[in-house]
Amino acid sequence: MELENNMPEPVKKPLNFIEEIIELDNTNNTYQQRVHTRFPPEPNGYLHIGHAKSICLNFGLAKKYHGKCNLRFDDTNPIKEDVEYVDSIKEDVQWLGFNWDGEYYASDYFQQLYDWAVQLVKEGKAYVDDSSQEEISKGRGIPTQPGTESPYRNRSVAENLELFERMKNGEFEDGSKVLRAKIDMASPNMHMRDPIMYRILKTEHHRTGNKWCIYPMYDYAHGQSDSIEGITHSVCTLEFEVHKPLYNWFCNALAIHHPKQIEFARLNLSYTVMSKRKLLQLVKENLVMGWDDPRMPTISGIRRRGYTPESMRNFAETIGVAKRDNTIELSLLEYCVREDLNKKALRSMAVLDPIKLVLDNYPEGQFEELDAVNNPEDPETGKRKISFGRELWIDRDDFMEEPSKKFFRLSPGNEVRLKYAYIIKCNRVEKDKNGNIVSIHCDYVENTRSGQSDSSRKVKGTIHWVSVAHARKAEIRLFDKLFLSYNPEEVEEGKTFLENLNPDSMKVIEGYIEPELPNESPLSTYQFERIGYFCIDKDSTSEKLVFNRTVTLKDGGAKK
RNA sequence: UGACCUAUGGUGUAAUGGUAGCACUGCAGUUUUUGGUACUGCCUGUCUAGGUUCGAAUCCUGGUAGGUCAACCA
């Protein structure tokens, strides 16, 4: 049929700079058309949303070019690492929707790395240095001035060989000796001034136990690990740019498969602290409920808050990849979350700040069941029944005794629609002796219920409600942005980041919800109509539901 | 006062020597039994000074601004 010719042309997505490099490599047959990436976290903390960018990038490239992507734990520093972290990292990567082609650990390569180090020693390209940490630091010089050579730099190969072996055998104390690459103490690149390859650390490793007491440094381990795994494109963040010459130096010196390191700018989010060190501090000082506190920018935190993997992948796609420093506005993240949740979240009515509404002309003790749509964006989710009666809870926000011009919800003498139910008109308010409103009295208008003869009558506002006789209480947590509103750019001078945290970042209130929610289980997400998206907390029991606010609706609902 | 990297609306990101486009934000409007969604329109940009060229966001040179590097962290 002709139909196919009328299909709109698919929009060509421009390549990002990494894809261009890959396609050029494929054209030049640099890696035999192979694309093999890896995500290489150090298991020293939980993954955060910045890692999500890297994960989506690495796994995304592998998928796009029909290649592979490994998960590799860069576990070369046993002091900071733990199995708890490797478990959480695996869970988070899977939650994001990715399956790795191989699961590896830098610690798997300790023997090979050691053998290669011996090889470099034999070739006169590495030496054992007895200098103290301070002496080495001093000898390295400063960026603008060359360093000085260590007095141990010209030891014989035989002596170096013997010393390095004895280092491995545990004959020396921590910090007493290191193995260094013999490169160039005058290099303008500090990382080339005889970088340390191995240090002595008599610490138990979470995987190799006490087998090793010397551990390779990042620079000595990373490129070779990539090489062993046959990685073609080693994608990392910008701060490793100055490490690249060293990465290349080791691959060349050992004459092994040489992956290409490509650097991109890490994600920064406005109002959000992404530093693992600071996040760890919050957890350790019990300032949050844990790594998965819904205020945390960790992947487990945003999961608990109700963000979806789809929206995170879409976010990563939308922010793009480049080499310039960037700060993404939180509004873009929230847009991505809303866009996905709007399609999927089931609607429900809830009242967060209740005030009683009495329909004076509605018979006491009478109730009716009304039809409510579960999700107007997805008709397949069907309808549910909700109970309606004389006494209802509505949100305090939806009533104004003296309304401003732009307010078109309930006010004295004014008509609004109760969602799915009747049009009502406000007669009077009842106040206590202090003048506070205790209840609002209205009349409902007959035949205006949804589906009835006068139901098409137009009123300016529609408000949500729950029946006093049927409503269920729930605890609701409201959060201010991600991560306690901390904005690195707005830090008051002289204050630590802790002092700049917003103490009101979490408000806990009691609200009323519909008696039954479909799919009621931890991490189920709903849109409370006219209020926002809420996620059942992971620790919630059916007796007392706890909700975390995922995101507000755009415009928040209320102009006054 | 070294080396390396970067510079396009408020925020991101395209344009690969040939009409500066897209998304978010903001503002205005249409639809709406969610002040949501959807749709429409508008505002706002090539750091600077030279050079090459018929033509420069793009290439060259010099400035300027920002970032990274001086852990036995990764």
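Below, read A as the first sequence line, B as the second, and so on, with proteins coming before strands; counting in each chain starts at 1.
Comment: Arg207(A) engages Asp108(A) in a salt bridge, judged by a side-chain N to carboxylate O separation of less than 4.0 angstrom.
Of the side-chain N and O atoms in Tyr420(A), none sit less than 4.0 angstrom from OP1 or OP2 of U33(B). Of the side-chain N and O atoms in Lys406(A), none sit less than 4.0 angstrom from OP1 or OP2 of G35(B). At the phosphate of A71(B), OP1 or OP2 sits under 4.0 Å from a side-chain N or O atom of Ser137(A). An OP1 or OP2 oxygen of A74(B) is reached within less than 4.0 angstrom by a side-chain nitrogen or oxygen of Thr76(A). At the phosphate of U37(B), neither OP1 nor OP2 sits under 4.0 Å from any side-chain N or O atom of Arg530(A).
What you find for Cys213(A) and Lys202(A) is that their closest heavy atoms are CB-CG, 3.9 Å. For the residue pair Pro518(A) and Tyr526(A), the shortest heavy atom distance occurs at O-OH, 2.6 Å.
Among the nucleotides A14(B), G12(B), C73(B), the one closest to the side chain of Asn326(A) is G12(B). Distances from the side chain of Arg324(A) to the nucleotides C72(B), A7(B), C69(B) place A7(B) closest. Nearest nucleotide to the side chain of Leu553(A), out of U34(B), C72(B), C73(B): U34(B). Taking only side-chain atoms of Glu241(A), from C-beta outward, the nucleotide of G36(B), A74(B), C5(B) with the closest atom is C5(B). Of the candidate nucleotides U37(B), G12(B), C73(B), U37(B) has the atom lying nearest to any side-chain atom of Lys554(A). For Ala322(A), whose side chain is taken as the heavy atoms from C-beta onward, the closest listed nucleotide among A74(B), U8(B), A14(B) is A14(B). Picking from C73(B), U8(B), C72(B) the nucleotide with the shortest atom distance to the side chain of Ile136(A) gives C72(B). Minimum atom distance to the side chain of Lys323(A) is reached by C5(B), of the listed C5(B), C73(B), U33(B). Nearest nucleotide to the side chain of Ser450(A), out of A71(B), U33(B), C69(B): U33(B). Among C73(B), C72(B), G36(B), the nucleotide with an atom closest to any side-chain atom of Glu377(A) is G36(B).
Anti is the glycosidic conformation of A57(B), whose angle departs from 0 by more than 90°.
Within 3.5 Å, no donor on the side chain of His191(A) pairs with an acceptor on the base of A3(B), nor the reverse. With hydrogens and angles ignored, a donor-acceptor pair under 3.5 angstrom links the side chain of Glu329(A) to the base of G10(B). A donor-acceptor contact under 3.5 Å is not formed by the side chain of Arg338(A) with the base of U37(B).
Between the C1' atoms of C22(B) and U1(B), the separation comes to 42 Å (whole Å).
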